[in-house]
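Have a look at this one.
Excluded from the calculations below are hydrogen atoms, water molecules and symmetry mates; all remaining heavy atoms, backbone and side chain alike, are included.
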Amino acid sequence: MTSPKGFTLTNTNSCRLKFARRFLRSLMEIRRRQTNHNNLLSSSSSSSSSSSCLGDQIRKSSQRIKLAAYSSMAYAVGPRKAWARALLWKLKNRSSNRRRFVVRKTCLLGVKKKKKKRVHVNKVNYQSKGYERDNNFVEKTEKLRELVPGGKAMDICSLFEESAHFVKSLAMQVQVMQDISDQLSR
């Protein structure tokens, strides 16, 4: 199976290929939407074109590309990994949360909510070296839980396994994006 620009697709079941296909499809969709949006803007008003608008467009485009890369990676891995399920769930609920926020904002325009008091728990500082090392380990695993999607709900063994797979997937994502960039720059 051959695609444009000299890409050859032989193993259709590989995760890398699934990611590349879905990511390229997403990029084409982003480009199509952006050209449609630009055509609408140019036909409606041609008087105002400021650098802040251009900076905002670039920021939004980079955000869309980032989301396309993450969702493509999660779909390529599929539901067999917890981090992929968590990422897909987060991306799926992202759009519905925006709609809910707009509805709430319009409904509760004049009503102020009471702020909840936050309770801060101080971490215990242990003096002996054994406890110090354990405390350091706990802090590092908590940091790892924040980095891996869905890591807060995992036990320590699953967290290490999922984070290793997540890092491998990120490396694959970078490699595929580099390959696409190299192919298109020729």
Problem set entry | Side-chain donor or acceptor of Ser72 paired with backbone N/O of Ala69 under 3.5 Å |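 Absent.
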Exercise. For the side chain of Ser181 and the backbone of Met177, is there at least one donor-acceptor N/O pair under 3.5 Å apart?
Worked result: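 Between the backbone of Met177 and the side chain of Ser181 there is no qualifying donor-acceptor contact (under 3.5 Å).
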For this session: State plainly whether one hydrophobic cluster holds both Val174 and Phe23, where clusters connect Ile, Leu, Val, Met, Phe, Trp and Tyr through side-chain heavy atoms under 4.5 angstrom apart.
Result: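 No, Val174 does not connect to Phe23 through the hydrophobic network.
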Problem set entry | Flag side-chain contact, heavy atom, 4.5 Å: Leu170 against Gln175 |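 They are not in side-chain contact.
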Exercise. Considering all heavy atoms of both residues, which atom of Arg145 and which atom of Ile156 are nearest to each other, and what is their separation?
Worked result: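 Result for this residue pair: NH2-N, 4.1 Å.
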Problem set entry | Arg80 to Arg85 - nearest heavy-atom pair and separation |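 Scanning both residues, the minimum pair turns out to be C-NH1, 3.8 Å.
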For this session: Kindly indicate, with the supporting measurements, whether the criterion side-chain contact (heavy atoms from CB on, under 4.5 Å) is fulfilled by Lys60 and Ile30.
Result: CA-CA 11 Å; Lys60 285 181 181 178; Ile30 289 170; over 6 Å; no
Exercise. Going from CG on Leu24 to CD1 on Ile180, what distance comes out if it is rounded to the nearest 0.5 angstrom?
Worked result: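 Here the rounded value is 4.0 Å.
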For this session: Enter the distance from Lys90:NZ to Leu88:CG here, rounded to the nearest 0.5 Å.
Result: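 Atom-to-atom, Lys90:NZ and Leu88:CG are 12.0 Å apart.
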Exercise. Can you pull the salt bridge (charged side-chain N to carboxylate O under 4.0 Å, His left out) pairs that have at least one residue in residues 157-166, sequence neighbours excluded?
Worked result: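 Sorted pair list: Lys81-Glu161.
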Exercise. Taking atom CZ of Phe19 and atom OG of Ser71, what is their separation to the nearest 0.5 Å?
Worked result: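 Result: 9.0 Å between the selected atoms.
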Exercise. Does Arg22 offer a backbone N or O that forms a donor-acceptor pair with the side chain of Ser26 under 3.5 Å?
Worked result: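 Here the side-chain-to-backbone pair exists.
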Problem set entry | Connected via hydrophobic side-chain network under 4.5 Å: Val167 and Met73 |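 Not linked; separate clusters.
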For this session: Evaluate the side-chain proximity of Val77 to Lys18: yes if any heavy-atom separation is below 4.5 Å, no if none is.
Result: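 Side-chain contact under 4.5 Å: no.
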Problem set entry | Linked, directly or transitively: Leu87 and Leu147 (ILVMFWY side chains, under 4.5 Å) |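 Different clusters: Leu87 never reaches Leu147 through Ile, Leu, Val, Met, Phe, Trp or Tyr contacts under 4.5 Å.
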Problem set entry | Within one Ile-Leu-Val-Met-Phe-Trp-Tyr cluster: Leu184 and Ile65, side-chain cutoff 4.5 Å |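 Result: yes, single cluster for both.
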Exercise. Any sub-3.5 Å donor-acceptor pair from Ser163's side-chain atoms to Phe160's backbone N or O?
Worked result: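 Yes, Ser163 side chain to Phe160 backbone: donor-acceptor pair under 3.5 Å.
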Exercise. Going by an N to O cut-off under 4.0 Å, is there a salt bridge joining Asp182 and Arg186?
Worked result: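 Arg186 and Asp182: not salt-bridged.
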For this session: For Thr141, enumerate each residue passing the side-chain hydrogen bond (donor to acceptor under 3.5 Å, both in side chains) test, keeping only those at least two apart in sequence or located in another chain.
Result: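 Counting only residues at least two positions away or on another chain, Thr141 forms no side-chain hydrogen bond (donor to acceptor under 3.5 Å, both in side chains).
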Exercise. Does a sphere of radius 6.0 Å around CZ in Phe166 hold more than 12 heavy atoms from other residues, nucleotides or ligands, not counting ones at 6.0 Å or beyond?
Worked result: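 Check passes, neighbour count above 12.
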For this session: Rounded to the nearest 0.5 Å, what's the gap from CE on Met154 to CH2 on Trp83? Could you check?
Result: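 Atom-to-atom, Met154:CE and Trp83:CH2 are 10.0 Å apart.
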Problem set entry | Spacing of CG belonging to Leu27 relative to CD belonging to Gln34, to within rounding of 0.5 Å |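 Answer for the CG-CD pair, Leu27 versus Gln34, is 11.0 Å.
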Exercise. When rounded to the nearest 0.5 angstrom, what is the spacing between CZ in Arg59 and CZ in Arg64?
Worked result: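 Between Arg59 CZ and Arg64 CZ, I get 9.5 Å after rounding to 0.5 Å.
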Exercise. Thinking salt bridges, do Arg33 and Glu29 make one under a 4.0 Å N-O criterion?
Worked result: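 Yes, Arg33 and Glu29 are salt-bridged.
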